[in-house]
Amino acid sequence: MSNRKPRGSGPGNSPRRASSRRTPATGHKGGPFGQADYDRNLGAARNVKKNRPTGDQAEQNFSQVHRPEGERLQKVLAGAGVASRRVCEDLITEGRVEVDGVIVTELGVRVDPATAVIHVDGIRVRASTQQVYYAFNKPRGVISTMEDPEGRPCIADYVRDTRERLFHVGRLDNETEGLLVLTNDGELANRLAHPRYNIAKTYLVQVRGPLDKGIGKQLREGVELEDGLARVDSFRVVDSTPGHVLVEVVLHSGKNRVVRRMFKEVGYPVQRLVRVAMGPITLGNQKQGTVRPLNDQEIGHLMSAVKL
């Protein structure tokens, strides 16, 4: 590496101090993935308190990821919308950037944006914009398919302006409302749907009230269905009015119509069902029938959840 002239930390150089603190702590507004991305602030994707490499380890990490024909890492980060180039330089020297699984602290490193796997504060950075990711709030009566031979309303009716061929992650039956993730990233879609990655789904369930004591415990311990035992991870009464109870349940099961079947089995057929979250992605105040692009932080958290 004798030909490179890195600015910042490295053998023979003094690391740049972060005393001016252009880069707020992980997950703080104004830091990496700032501005609109922090309308849905998810914080760090995982614990990122790692030892900052120095000396020989910093040299070794540099050699492992450096591609002389590539682009400077800080330029790639800035181009991906993480922050300004100056702030991205600070993120690198502070040891908050990983490339292909190793922490990079030297500003001379170059990477190939098409192949490098880059994380900032544990959040995956999209160096390529060829893949798209959306949250769709499916209304009742819409079929969870991209086309329907019977001419019924389907997902395609809401994404006609997109040029990409989209996959929908998971299914919601005709009567169930709420969150579907749409993407052209086949690998992410497959992993989100695979039980191996244990992605939690959160639902709001309206049933007739009042609820008998012990229903929550029964659902947490498990209900025997025709295709095996099913249980919820959590059960919480959100609201109660005369004749109606609104319950929030979280579960990992991917069984077909599992929430409806579980509540029917314990004597409380579902009156209305809405999926409000899938892993780190939430509907929030998104209106029914609308499609919104996921921000970079949300995408990073999704990828982190399925080990991408």
Side-chain angles (χ1 to χ4, degrees), residues 135-146 148 150 152-155 157-158 168-182 189-290 302 305-306:
F136 173 46
N137 188 351
K138 185 186 93 66
R140 185 175 183 175
V142 173
I143 307 299
S144 290
T145 61
M146 297 309 295
D148 183 69
E150 300 178 25
R152 293 172 295 181
C154 64
I155 298 171
D157 296 328
Y158 295 85
H168 59 282
V169 179
R171 296 178 64 89
L172 294 175
D173 64 62
N174 183 35
E175 298 301 305
T176 300
E177 310 158 47
L179 178 63
L180 285 171
V181 173
L182 310 178
N190 288 335
R191 291 196 182 198
L192 285 173
H194 199 287
R196 170 186 173 186
Y197 296 99
N198 216 26
I199 301 300
K201 279 86 76 176
T202 304
Y203 294 85
L204 290 179
V205 190
Q206 181 180 297
V207 298
R208 62 174 174 80
L211 285 177
D212 289 342
K213 187 177 181 180
I215 293 297
K217 180 181 179 182
Q218 188 176 351
L219 290 170
R220 285 191 294 268
E221 291 179 346
V223 177
E224 192 66 45
L225 304 175
E226 61 271 19
D227 52 353
L229 188 72
R231 59 169 59 91
V232 302
D233 302 316
S234 67
F235 175 99
R236 179 173 68 93
V237 175
V238 176
D239 193 21
S240 180
T241 58
H244 300 285
V245 176
L246 187 64
V247 175
E248 178 193 85
V249 295
V250 179
L251 70 163
H252 289 82
S253 174
K255 296 178 185 290
N256 187 40
R257 296 172 64 89
V258 64
V259 176
R260 292 184 182 277
R261 291 189 291 140
M262 290 176 70
F263 273 83
K264 183 178 180 180
E265 185 66 25
V266 298
Y268 290 88
V270 171
Q271 297 176 329
R272 186 181 180 190
L273 182 61
V274 183
R275 182 157 68 199
V276 295
M278 181 185 297
I281 308 305
T282 61
L283 278 182
N285 58 1
Q286 182 177 342
K287 294 181 180 179
Q288 266 202 0
T290 61
L302 270 183
V306 294

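In plain terms, the two heavy atoms of Leu180 and Lys138 that are nearest each other are CD1-CD, 4.0 Å. Between Gly209 and Val245 the shortest heavy-atom distance is CA-CG2, 3.6 Å. Shortest non-hydrogen contact noted between Leu204 and Val238 is CD2-CG2, 4.2 Å. Considering every non-hydrogen atom in both Glu177 and Arg140, the closest pair reads CG-N, 3.6 Å.
Taking OG1 of Thr241 as the reference point, atom CG of Leu246 lies at 8.5 Å (rounded to 0.5 Å). In this structure, CG in Leu225 is found 11.5 Å from NZ in Lys264, a value given to the nearest 0.5 Å. Between atom NZ of residue Lys201 and atom OG of residue Ser253 there is a gap of 7.0 Å, rounded to the nearest 0.5 Å. Here CZ of Arg220 is found 13.5 Å from CG of Leu251. Values are rounded to the nearest 0.5 Å. Residue Leu192 holds its CG atom at 5.5 Å from CD1 of Ile199, rounded to the nearest 0.5 Å. Note that the CG atom of Leu302 and the CD1 atom of Ile281 stand 4.0 Å from one another [nearest 0.5 Å].
Ion pairing between Arg261 and Asp227 holds under the 4.0 Å rule for side-chain N and carboxylate O. Salt bridge absent: Glu175 and Arg260 never bring a charged side-chain N and a carboxylate O closer than 4.0 Å.
Without hydrogens or angle criteria, Gln286 side chain to Thr290 main chain gives a donor-acceptor distance under 3.5 Å. No side-chain donor-acceptor contact under 3.5 Å links Tyr203 to the backbone of Val247. The backbone N or O of Ser144 sits less than 3.5 Å from a side-chain atom of His168, completing a donor-acceptor pair. Looking at His252, its side chain does come within 3.5 Å of a backbone N or O of Asn198 through a donor-acceptor pair.
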Item to check | Worked verdict on Gln206 versus Val270 for side-chain contact (heavy atoms from CB on, under 4.5 Å) | outcome: CA-CA 6 Å; Gln206 181 180 297; Val270 171; over 6 Å; no
- request: Assess whether side-chain contact (heavy atoms from CB on, under 4.5 Å) is satisfied between Gln271 and Val205, documenting all intermediate values.
  value: CA-CA 8 Å; Gln271 297 176 329; Val205 190; over 6 Å; no
Does the side-chain contact (heavy atoms from CB on, under 4.5 Å) test come out yes or no for Phe136 and Leu179, once each step is laid out?
-> CA-CA 6 Å; Phe136 173 46; Leu179 178 63; over 6 Å; no
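Using bins of under 30°, 30° to 60° and over 60° for the plane-to-plane angle, the ring pair Phe263/Phe235 lands in the parallel bin.
With sequence neighbours left out, the side-chain contact (heavy atoms from CB on, under 4.5 Å) criterion links Arg152 to Ile143, Asp148, Glu150. Arg236 meets the side chain to side chain donor-acceptor pair (under 3.5 Å) test with Glu248; sequence neighbours excluded.
The side chain to side chain contact (heavy atoms under 4.5 Å, CB included) with Arg275 is formed by just one residue from the set Val259, Thr202, Leu283, Leu172; it is Leu172.
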